[in-house]
Amino acid sequence: MMRFLLLFSRQGKLRLQKWFTPIPEREKKKIIREMTSLVLARQPRSCNFLHWKDLKIIYKRYASLYFCLAIENQENELLALEVIHRYVELLDKYFGNVCELDIIFNFEKAYFILDEFLMGGEIQETSKQIVNRCIESSDMLQEDDSSEWYEVELFG
Amino acid sequence: MSDVVEKTLTALPSLLSLDSQPGSAKLSSTSKLGNLIRGITELTSKHEEEKLIQRELSSIKEQVSSPNTTMRQMKELMVRTIYCEMLGYEASFSYIHAIKLAQQGTVLEKRVGYLAVSLFLNESHELLLLLVNTVLKDLQSTNLIEVCMALTVVSQMFPKDMIPAILPLVEEKLNHPKEIIRRKAVLALYKFYLIAPNQVQHIHNKFRKALCDKDPGVMTASLHIYLQLIQENPEGYKDLTASFVTILKQVVGGKLPMDFNYHSVPAPWLQIQLLRILSLLGKNDQSTSEIMHEVLDESLRRAEMNHNITYAILYECVKCIYTIHPKSDLLEKAAKCIGNFVLSPKINLKYLGLKALTYVVQQDPKLALQHQMTIIECLDHPDLIIKRETLELLFRITNAQNVTVIVEKMLEFLRISGDDHTTIDLVGKVAELAEKYAPDNEWFIETMNTVFSVGGDMMQPDIPNSFLKLLSEGFDSVEEDRKLRLFAVNSYISLLQGTPGKLPQRFLQVISWVLGEYSHLREDLEAAVVLRLLARLLDMKNCSSETKSWVLTAMTKLCEGGSGVSVAQQVSETYSSSLDTVLRQRAQELQYLSQDSELRARVLPRGAGLEPVEVDSSLSFLDGFVSEALAAGAAPYKPPHQRQEELAGTKALSLEPYGLSLPISMSSCSITDRQSPTLLSMSSGLSGDSTDLSHKGGSATLKLDGVKRVWGREGYLSQKEPVEEPAQVEVPSPLRSPSQQGEADSSHSQTPTPTPTPESDQEKQQLASSLFVGLGSQSSVCLMGKSEPTAQRFRRKAKGHSTASSPSEQISNSVVSPHSAVDNLLCNNLLDSNITSELALSSPELTSQPSPGLTTTNGTCDTEAELPDSDIKESEPAVIRDNSVVATDPAPHEAPDRPKDLCLTSHLPAELSGLSHSEISHLCTNQSLELSACHVQKEDSLLLVVFITNSSDSAAQQILVQVDSEELEVSCVCDSPVEEVSSHSVTVCQYSLTVKRPAVHIEVVGMVSYQLANGTSQSAQFSYKLPLTSFIRPLTVSTEEYGTMWLAFSHDTKQNLTLISDSQEPLTATLNVLKRKLQLHVVEIIGMEGIVACRVLQDQPCLMHCRVHAGTLAVWLRSPIPDLPDCLIYHCQRALQGH
């Protein structure tokens, strides 16, 4: 199971946080601080896996953004790396050539995509098409709620 | 279908607001959020940012509370608030508005509302209760998107106690026509299963339906639940193996829709999940493993592409192949695969290769030999993670020959690593290796010194505890004990003469205890000198009061002679006015005892460490006093945690900080020495992370030239100069061959490795030979035998108690036959000549095949019993280590002897024979001794009866059975413990069990150690499981009493149970079943409601309120004990299911 996912910039600014298990607020802040300092201190070309307490931290840098995923000890590291990669692909498909600014200004969209992709710390849907379809159809619902046919399209 | 959506998308943009259009990032930056973000980036200081955000937040606050704000504006405000919170500023005023938005907004607004709630609130936040209704409403909505959102938020965070409220709705969704809803429902149930397994117990058959769902996505989701279920109970799901194999076959064969592909690999997540499940099912089960061999082979074959995801699958495949029952050609392929990982230039793959090796070497050490040069390169890798993983691998292949080199590498790493968690872990491992394989006293003490000074105050309390235990209990050779202790004393004196200020507190405590006990061993040392050194510690600024009290206790033991007394007097004067009561107490003791040497000799006799002190843990001598006080109107005693609980009222209080102060089960571990309170080992295992990280002791490193001198040389030396050494002469030549072969093996595999510079190469070769020595000889035995990792461990002869490990091989060797002059000579020789590794080198042979030569030398050796069936021995390597101490795990394959069991029943003590007892089950067999056990239900107690059957011709003496459990309080019933079982007879031990911490199933673990007539000692471990139901007794209370108790209890759980509806009065019938099966007491039944009470031994009440509601039995359990309601509800379910 995944425990948490953090996105932060090279300057250590948090861009997105997702916690899959309940953690007290103060502890979260501490973890974020530790993660940024731990990951940012890594040399380029080092291993993408880290030990932290009883968890494993899988991180990867995409342009100026670090993706940092904590998984339980028995989980597969390479697979976690691909979870990150798939999330980036999903963001890319949604935003079209995604960059850090997209995520800063539309972080709520990034959360929605994540919620379609992962649920309760496990993979829910890996298909780019389906995730995107879900997000877009909800996006389009707009103010008038009556557009039932979108649902038909979406779930048909 | 997606075409339609896409077309719609292209047609619609002009109609849509900019905000919601995909890919509109740049445009939306003109929004208010955009302004805020840009405002922040323009700032230069943290202070300015804080000012800006505070301003922003107060403006948001004003707007959200204004009644004119529309939901649409609210949504925008909420997004900004989320942003502020992400920057670390609290905006708790907005939480309630987030819930409101989720409640009242349209779908799009609701989505933001739910997002904000899931980001702001925690599972335990009280505002969440307000969300329950919203979730209920949305779950019933006809709008599928709302249902999806509700399911998402439920799986993200939902209050545990409110799960029953929505459970039926979520369950219903399992039958929903849309697969996306079914899938989300399954994942939500999975989440429920994780946080409250009891709540979803009744829907296990629905999980099966989800597993058979026609949509692969739903099936995949259900596997998460199955993985958990199978992890807990692999036996219960063996019948599904074939189905899982079929699914995997289909997936691997590319039968799933393209949607499931990831970079053209079919459903990798699903594949890995299945592989994981299969490895759980196939573990230790040959027939189940055989079903999966074919598909594993295919998985290995198909995963060819050079992509991370295929490597991920391969890695899981290899793990599975090595976990299940072995098949040689699969193992071969898997080993090749591991080779690809290890040799890969990609660092991530190399890391995983090392991990796989670590996993595999226990069964196949040869593999480590194959890759030794790579391993050595990794040991010097610049990336600490790789280095750390390599050490992990080396830890697994450590033996008596390479221990010095490996431990040195570990210590080296410890000195550069700054990570607390790593330090704690590694320090524990070093200590473990040092105790297991130490080649000599000096090395052991010096290594432990480093462990203590590096590990500091972070390390597990176990380490100093077991170290002291080791020193105090000693071995059978008095001379050896003396040497070890003396060496410790010398080492510590010189440390104290240096700069003790840098040493961590724990180390100082160890030092003071050892000096207090054993400094008299050094005759040239005056007590006054030691006293002065100790007194210096007291003056140090960073010396904690706990350490001070250790120091004072040590001084109390030492204060004699004129100058000594004067130092003691001086110190006791200083501290007799200390604010710390413990210190004052110690100072007083010191003062009195230093004046009265006669009294001191009586109170603190020298060398009393070995005398067990009987502790009356029930404090029965105070009974008279207590009853008098009670008669005089005193309030009855309540244990601290109960008082705490009552103080806290109904609000559940985290008891963790008080965890340690709870009374330790005194009776289960008799204290050996009252002067060293921490000797009670509170936890075992080295992995724990319970240690308080805030204690950052001075992590000064010691200069330990001793260790430096040893490392790297010894292992190598041993090969360079093979020996004129008595032990070698004893060993007949054929027996040496396996080890020689192993060496040949290793040197052979070294040669092909390409190397840049010949010199560094030579160094590496040397290192390799010292690291991998001794592996080859074991591999032949271990490969198929799947030897347990513990098989290596050998136990030191116990005196009174058995402890987990032995500090040094030679010591145990000399312990073996103290009576035999030949042996003594041999051992002394060994010690004096200091060619320690030679002895070590010869030991594996002794291990796998006891040498007849040695047997004859010993004369009294008892290995004869083993000799006839040497076959067995080969499949169980390292059962016999040298001819001394044996540690076997209970042999699982030996089925209990039925007729014998019948006989055992007759050995039940007369007073128990009339009571109902469980089936007698076999615990373990060790050599001539066999242990069985059953439990007997008495009205007020539960007895565990252990039968010790001695089937050999000689008596077993000094029997010591230790029984302990995490959940139970165990006390021995008999007054005088069993000490001897004569030949061909059965002896019975009884233990009274009471529940300390309720659990659904309770496990008792224990160890038996004994001595055979010839003086060799043996030990074996066992475990015994019993259900909580055995501890349940009816609690007879009146309805009134029930009422007052009900209100006083704070822990509760609610659940619907099946009602037995086949009779006239379903409630009565159901309660009667519970009464009969679980021994509950039915207090009263009024109409459709019933109240039931029970207690769990000793006196842990649990009340149950039942109400018939809509064809089910709604029960509500309450108890003052956490977890008890949950455990009980489980058994109630079971009881009713079986009906």
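Throughout, protein chains are lettered first and strands after them, A, B, ... in sequence-line order, and every chain is numbered starting at 1. In this text the structure is predicted, and so the values were computed from the model without any measurement.
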[atom1]-[atom2] distance between [X] and [Y], expressed to the nearest 0.5 angstrom:
| X | Y | atom1 | atom2 | answer |
| --- | --- | --- | --- | --- |
| B/Asp425 | A/Asp54 | CG | CG | 11.0 Å |
| B/Leu115 | A/Phe107 | CG | CZ | 7.5 Å |
| A/Cys47 | B/Ile386 | SG | CD1 | 4.5 Å |
| A/Ile123 | B/Leu187 | CD1 | CG | 10.5 Å |
| A/Leu79 | B/Ile272 | CG | CD1 | 4.0 Å |
| B/Lys319 | A/Gln74 | NZ | CD | 8.0 Å |

Mark yes or no for whether A/Glu77, through its side chain, and B/Leu349, through its backbone, hold a donor-acceptor pair below 3.5 Å. no

Out of A/Leu50, A/Asn132, A/Leu78, A/Ile23, return the one with the most heavy atom pairs under 4.5 angstrom to chain B.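 When all of A/Leu50, A/Asn132, A/Leu78, A/Ile23 are compared, A/Leu78 has the most.
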
So [Y] and [X], do their side chains get closer than 4.5 Å, heavy atoms only?
| X | Y | value |
| --- | --- | --- |
| B/Asn122 | A/Trp19 | no |
| B/Gln156 | A/Lys18 | yes |
| B/Ile82 | A/Glu108 | no |
| B/Arg183 | A/Gln124 | yes |
| B/Ile180 | A/Glu125 | no |
| B/Trp269 | A/Glu82 | yes |

Answer with side chain, backbone, both or neither: which region of [X] has an atom nearer than 4.5 Å to a non-hydrogen atom of chain B?
| X | answer |
| --- | --- |
| A/Ile32 | neither |
| A/Glu34 | neither |
| A/Val98 | neither |
| A/Lys13 | side chain |
| A/Leu81 | side chain |
| A/Phe49 | both |

Which heavy atom in [X] sits nearest to a heavy atom in [Y], and how many Å separate them?
| X | Y | value |
| --- | --- | --- |
| A/Phe105 | B/Gly34 | CE2-CA, 3.5 Å |
| A/Met119 | B/Ser155 | CG-OG, 3.2 Å |
| B/Phe260 | A/Thr126 | O-OG1, 4.4 Å |

Which answer fits [X], side chain, backbone, both or neither, if we ask what part of it has an atom under 4.5 Å from a heavy atom of chain A?
| X | result |
| --- | --- |
| B/Val154 | neither |
| B/Tyr311 | both |
| B/Asp259 | both |
| B/Tyr359 | neither |
| B/Tyr114 | neither |
| B/Lys355 | side chain |
| B/Arg111 | both |
| B/His381 | neither |
| B/Glu389 | side chain |
| B/Met86 | both |
| B/Leu194 | side chain |

Counting only non-hydrogen atoms closer than 4.5 Å, can you tell me which residues of residues 4-11 of chain A sit against chain B?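 Checking residues 4-11 of chain A against chain B gives no residue, so none.
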
By salt bridge (Lys or Arg N to Asp or Glu O under 4.0 Å), A/Glu25 pairs with (sequence neighbours left out) A/Lys28

Partner residues of A/Arg86 under the salt bridge (Lys or Arg N to Asp or Glu O under 4.0 Å) criterion, sequence neighbours left out: A/Glu89

Would you list the atom pairs, donor with acceptor, under 3.5 Å between side chains in residues 61-69 of chain A and any protein atom, with sequence neighbours excluded?
from: A/Arg61; atom 1: NE; to: A/Ala63; atom 2: O; distance (Å): 2.8
from: A/Tyr62; atom 1: OH; to: A/His85; atom 2: ND1; distance (Å): 2.8
from: A/Ser64; atom 1: OG; to: A/Glu100; atom 2: OE1; distance (Å): 2.5

Salt bridge B/Lys184-A/Glu116, side-chain N to carboxylate O under 4.0 Å: yes

Salt bridge flag under 4.0 Å for residues B/Asp383 and A/Arg42: yes

May I ask you to name which of B/Val112, B/Leu36, B/Leu119, B/Leu87 has the most heavy-atom pairs under 4.5 Å with chain A?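 The candidate making the most pairs under 4.5 Å is B/Leu119.
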
Counting heavy-atom pairs under 4.5 Å with chain A, which one of B/Leu151, B/Ile195, B/Val79 comes out on top? B/Val79

